There are 2 protein chains.
Amino acid sequence: MKLTEKQQALIERIGVFQEKTGMQPVAGRIIGLLYVSDKPELTFDEIREVLGISKSATSNALNLLQHLNRLDYITFSGDRKRYFRLKLDRWRELVLQEIDSITNFSDTLQEVVAERTKSTPEYNRNILDVADFLKYLHKELPMLLQQWEEQRK
Amino acid sequence: MKLTEKQQALIERIGVFQEKTGMQPVAGRIIGLLYVSDKPELTFDEIREVLGISKSATSNALNLLQHLNRLDYITFSGDRKRYFRLKLDRWRELVLQEIDSITNFSDTLQEVVAERTKSTPEYNRNILDVADFLKYLHKELPMLLQQWEEQRK
DNA sequence: CTGTTAGTTCCTAATTTTGAGAACTAAATA
DNA sequence: TATTTAGTTCTCAAAATTAGGAACTAACAG
């Protein structure tokens, strides 16, 4: 499999974006590759070769991405290879999952305020506002998703 | 300034959370400290001492946080010290800023689809859906903030 | 039962990140 | 002018992350 300059550049950009959100470099590039590649399902060796990385790096990154719910693979009988693909059809779940983890922070903030001196009411109010908005976001996001589904038509 | 066990634990939790979003460890702990500390404004040396970190680490982290729009300082005439504080009253801007950067990814995804083969329409549709939802989120978030302001009362 | 293939694991080296310490600067004070 | 203070910058070492290579495993193929 060969990639155009443009495709390689896009993979790099996606990779760097993913890195900034805390993803390991190789894992970020694998995500980029699967976005860009004409075949949306690639084998272990195709990924390894086209990105020029070792088997261990490939194996570790693929397993990480599966744990993070970003990847999947399909198989075909009579073919021992796994065909890895992004779980793109399930991106809605991923969005909700992402908000969940942000919302956990909200609980910590409430604990913080419970622990804080009462002599800084304005400051405490600001913290509670952040916490409350995160909870609101968490509650409203599914509805926003629904609204989006409708206006999309 | 002395911290209780509970306060220290909260600082650590906030620090770790921040680290997971890509923040440097010391910077994450400074954020934690400023959330938890009874005094919401702390001097360079108070921060350095209570976290047990070096001047260079303190200086670098404080500057980083200011660039990221998370921190601020106030001064008092006749006192050369800076009093650092979280820009908590401006958290709304930070939320919008955060979404901006996610939305940039949306543009990349549209470029990806422009570059992709037309022979995988379902896959391409999924990518465009993600891109479009990110744009929708970007557009709707200010309104969501407004709605939250109202129902908060 | 031997060989091959697909992928994993272990060990290690290279790279990157992080933060300490000391030297430094600029402003205020004595 | 000399000194102190508040914070910065530079250099370097420790620690963590990342990824390569080789040995390994499990499943199937001949």
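This one's a predicted model, so the numbers in the text were calculated from it and none came from an experiment. Below, chains carry the letters A, B, ... as their sequence lines are ordered, and counting in each starts from 1.
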Handout entry: Salt bridge flag under 4.0 Å for residues B/Glu93 and B/Arg90
Key = yes
Exercise for the section: May I ask you to decide whether A/Glu41 forms a salt bridge with A/Lys81, counting only side-chain N to carboxylate O separations under 4.0 Å? Expected result: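 No salt bridge links A/Glu41 with A/Lys81.
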Problem - Residues within residues 36-44 of chain B bordering DNA chain D, heavy-atom distance below 4.0 Å - result: B/Phe44
Problem - Pairwise ring pair (Phe, Tyr, Trp, His ring centres under 6.0 Å) hits with a residue in residues 5-34 of chain A, at least two apart - result: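 For residues 5-34 of chain A, and leaving out neighbouring residues, the ring pair (Phe, Tyr, Trp, His ring centres under 6.0 Å) pairs sorted by first residue read A/Phe17-B/Phe105.
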Practice task
Tell me whether the OP1 or OP2 atom of C/dT8 has a side-chain N or O from A/Asn63 closer than 4.0 Å.
Solution key: yes
Handout entry: Any A/Arg82 side-chain nitrogen or oxygen under 4.0 Å from OP1 or OP2 of C/dT8
Key = yes
Problem - Validation row: B/Val113, B/Leu109 side chains within 4.5 angstrom (heavy atoms) - result: no
Euclidean distance, atom [atom1] of residue [X] to atom [atom2] of [N] [Å, nearest integer]:
{"X": "B/Phe84", "N": "D/dG7", "atom1": "CZ", "atom2": "C1'", "answer": "8 Å"}
{"X": "A/Arg48", "N": "D/dG21", "atom1": "CZ", "atom2": "C1'", "answer": "12 Å"}
{"X": "B/Glu19", "N": "C/dT16", "atom1": "CD", "atom2": "C1'", "answer": "15 Å"}

Exercise for the section: For B/Thr58 and for A/Gln24, locate the closest nucleotide of DNA chain D by heavy-atom distance; then report the residue assigned to the nucleotide nearer the 5' terminus. Expected result: B/Thr58
Practice task
Pick base, sugar-phosphate or nothing for A/Lys55, based on heavy-atom distances below 4.0 Å to the nucleic acid.
Solution key: base
Exercise for the section: Answer with base, sugar-phosphate or nothing: what part of the nucleic acid does A/Ile53 contact at a heavy-atom distance below 4.0 Å? Expected result: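 Sugar-phosphate: the residue A/Ile53, judged by heavy atoms under 4.0 Å, touches backbone atoms but no base.
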Handout entry: Backbone N/O of B/Thr117 and side chain of A/Asp38: donor-acceptor pair under 3.5 Å
Key = yes
Exercise for the section: Answer with yes or no whether A/Arg80 presents, from its side chain, a donor or acceptor under 3.5 Å of a partner atom in the base of D/dA27. Expected result: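 Indeed, a donor on one side and an acceptor on the other fall under 3.5 Å apart.
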Practice task
Compare every heavy atom of A/Met23 with every heavy atom of A/Gly28, then report the nearest pair and how far apart it is.
Solution key: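 Heavy atoms of A/Gly28 and A/Met23 come nearest at N-CG, 3.7 Å.
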Problem - Residue B/Ser59, side-chain atoms from C-beta onward, closest of D/dT9, C/dT18, C/dA20 - result: D/dT9
Problem - Among C/dT18, C/dG7, C/dC10, the nucleotide that comes nearest once only the side chain of A/Ser56 is considered - result: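 It is C/dC10.
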Completion exercise
Of A/Lys81 and B/Arg29, the one whose closest nucleotide on DNA chain C sits nearer the 5' end is A/Lys81
Practice task
Compute the ring centroids of B/Tyr83 and B/Tyr73, then answer whether they are less than 6.0 Å apart.
Solution key: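 No, they do not, as the ring centres are separated by 6.0 Å or more.
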